[in-house]
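To start, the structure itself, in structure tokens.
All values below were derived from every heavy atom in this structure, side-chain atoms included, with hydrogens, water molecules and symmetry-related copies excluded. Counting from 1, the numbers follow the sequence of the chain as shown.
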Amino acid sequence: QLQLVESGGGLVQPGGSLRLSCVASGFTTELGAIGWFRQAAGKEREGVSCITSRGGSTNYADSVKGRFTISRDNAKNTVYLQMNSLKPEDTAVYYCAADFRPFSRSYCTLLRGYGSWGQGTQVTVSS
């Protein structure tokens with residue numbers, strides 16, 4: 001089994017930065033990619049960013065391009081989401097998830113199909 005634990009959320013002022021971490025336990029060779037998703041109050045869950053475990057190919061939602069950066073440290077089984085220039089509309093619970101589909105070893109998507117999810121970490125952007 002693969003377990004994911006998010007951390008790094010908190011309260012930050014608009015324009016500030018946070019770095020989220022997603023630590024995987026039971027990391028397997030079959031893991032293709034890790035994605036970050038978020039769900040704001042009253043809104044649907046949306047994909048934020050993803051990264052392949054091997055090649056480090058990335059994908060970003062248009063709403064965060066230029067502000068967020070995803071990265072990974074495979075030695076630590078950890079994926080990071082560096083969030084800069086935060087806006088109030090970034091306020092949400094952020095989740096990381098694992099994609100085991102073979103194609104995700106080459107490229108990742110922000111669509112349905114992720115198999116394992118963490119419990120989430122709250123990010124609040126407010127003055």
Side-chain angles (χ1 to χ4, degrees):
Q1 294 184 355
L2 182 70
Q3 292 185 326
L4 303 173
V5 179
E6 304 95 334
S7 64
L11 175 64
V12 64
Q13 294 183 349
S17 298
L18 284 174
R19 189 181 73 163
L20 306 183
S21 299
C22 174
V23 180
S25 301
F27 204 71
T28 67
T29 303
E30 289 74 25
L31 176 65
I34 293 290
W36 284 99
F37 298 79
R38 67 186 183 186
Q39 187 166 24
K43 296 185 178 181
E44 297 182 354
R45 185 188 68 192
E46 64 174 340
V48 176
S49 184
C50 61
I51 186 168
T52 63
S53 295
R54 295 185 179 182
S57 298
T58 60
N59 194 11
Y60 295 92
D62 289 341
S63 60
V64 306
K65 286 181 179 178
R67 300 189 299 119
F68 291 10
T69 302
I70 192 170
S71 62
R72 84 272 193 272
D73 185 341
N74 287 346
K76 297 182 178 180
N77 292 332
T78 301
V79 172
Y80 304 97
L81 184 67
Q82 179 67 46
M83 305 185 296
N84 299 326
S85 301
L86 284 163
K87 305 174 181 179
E89 49 263 45
D90 295 317
T91 296
V93 178
Y94 284 71
Y95 302 88
C96 64
D99 192 340
F100 297 95
R101 293 171 291 183
F103 74 80
S104 67
R105 300 179 185 181
S106 299
Y107 60 93
C108 64
T109 73
L110 298 173
L111 305 175
R112 297 180 62 186
Y114 284 75
S116 297
W117 293 78
Q119 294 184 352
T121 185
Q122 176 71 48
V123 172
T124 302
V125 184
S126 177
S127 60

Residues at least two apart in sequence or cross-chain that pass salt bridge (charged side-chain N to carboxylate O under 4.0 Å, His left out) with Lys43, listed by chain then number, are none
By side-chain contact (heavy atoms from CB on, under 4.5 Å), Tyr107 pairs with (sequence neighbours left out) Phe103, Thr109
Would you say Val48 ends up clustered with Val23 if hydrophobic residues are merged whenever their side chains have heavy atoms under 4.5 Å apart, either directly or through other cluster members? no
Applied to residues 52-104, the disulfide bond (SG atoms under 2.5 Å apart) test, sequence neighbours excluded, yields Cys22-Cys96
Just do the side-chain contact (heavy atoms from CB on, under 4.5 Å) check on Leu4 and Val79 with the steps written out, would you?
CA-CA 10 Å; Leu4 303 173; Val79 172; over 6 Å; no
Margin query: Tell me whether the count of non-hydrogen atoms from other residues, nucleotides or ligands lying under 6.0 Å of CD in Glu46 goes above 12.
Written below: yes
Correct closest heavy-atom pair for Gly47 and Ala61 would be O-CB, 3.3 Å
For Ser49 and Ile70, the nearest pair of non-hydrogen atoms, with its separation, is OG-CG2, 3.2 Å
For residues 70-85, the salt bridge (Lys or Arg N to Asp or Glu O under 4.0 Å) pairs (sequence neighbours left out) are none
With sequence neighbours left out, the residues meeting salt bridge (charged side-chain N to carboxylate O under 4.0 Å, His left out) with Arg67 are Asp90
Q.
Are Phe100 and Trp36 connected into the same hydrophobic cluster when the rule is that any two of I, L, V, M, F, W, Y join if their side-chain heavy atoms are below 4.5 Å apart?
A. yes
Should we count CD of Gln39 as having more than 12 external heavy atoms under 6.0 Å? yes
So side-chain hydrogen bond (donor to acceptor under 3.5 Å, both in side chains) across residues 5-19, not counting sequence neighbours, yields Ser17-Asn84
Residues passing the ring pair (Phe, Tyr, Trp, His ring centres under 6.0 Å) test with Tyr114, sequence neighbours excluded, are Phe37
Output for pair (Arg38 CZ, Thr121 OG1), nearest 0.5 Å, gives 14.0 Å
The salt bridge (charged side-chain N to carboxylate O under 4.0 Å, His left out) partners of Glu89 (sequence neighbours excluded) come to none
Inset, instruction - Run the numbers on Thr91 and Val123 for side-chain contact (heavy atoms from CB on, under 4.5 Å), then give the verdict. - result: CA-CA 5 Å; Thr91 296; Val123 172; 5.9 Å; no
Residues 100-120 vs salt bridge (Lys or Arg N to Asp or Glu O under 4.0 Å), sequence neighbours excluded, gives Asp99-Arg101
Output for pair (Leu20 CG, Thr78 OG1), nearest 0.5 Å, gives 12.5 Å
Residues 77-96 vs ring pair (Phe, Tyr, Trp, His ring centres under 6.0 Å), sequence neighbours excluded, gives none
When rounded to the nearest 0.5 Å, the distance separating OG of Ser116 from CD of Gln1 is 8.0 Å
Open item on the list: Given 3.5 Å as the limit, does a donor-acceptor pair link the side chain of Thr52 with the main chain of Ala33, or not?
Closed with: no
Problem - side-chain contact (heavy atoms from CB on, under 4.5 Å) between Thr124 and Val12, intermediate numbers included - result: CA-CA 6 Å; Thr124 302; Val12 64; over 6 Å; no
Quick note, disulfide bond (SG atoms under 2.5 Å apart) partners involving residues 36-94, not counting sequence neighbours, are Cys50-Cys108
Residues pairing under salt bridge (Lys or Arg N to Asp or Glu O under 4.0 Å) where one sits in residues 51-63, two or more places apart or in two chains, turn out to be Asp62-Lys65
| task | Decide whether Leu2 and Ile51 are clustered together by the hydrophobic rule: side chain heavy atoms of Ile, Leu, Val, Met, Phe, Trp, Tyr closer than 4.5 Å, transitively. | result | yes
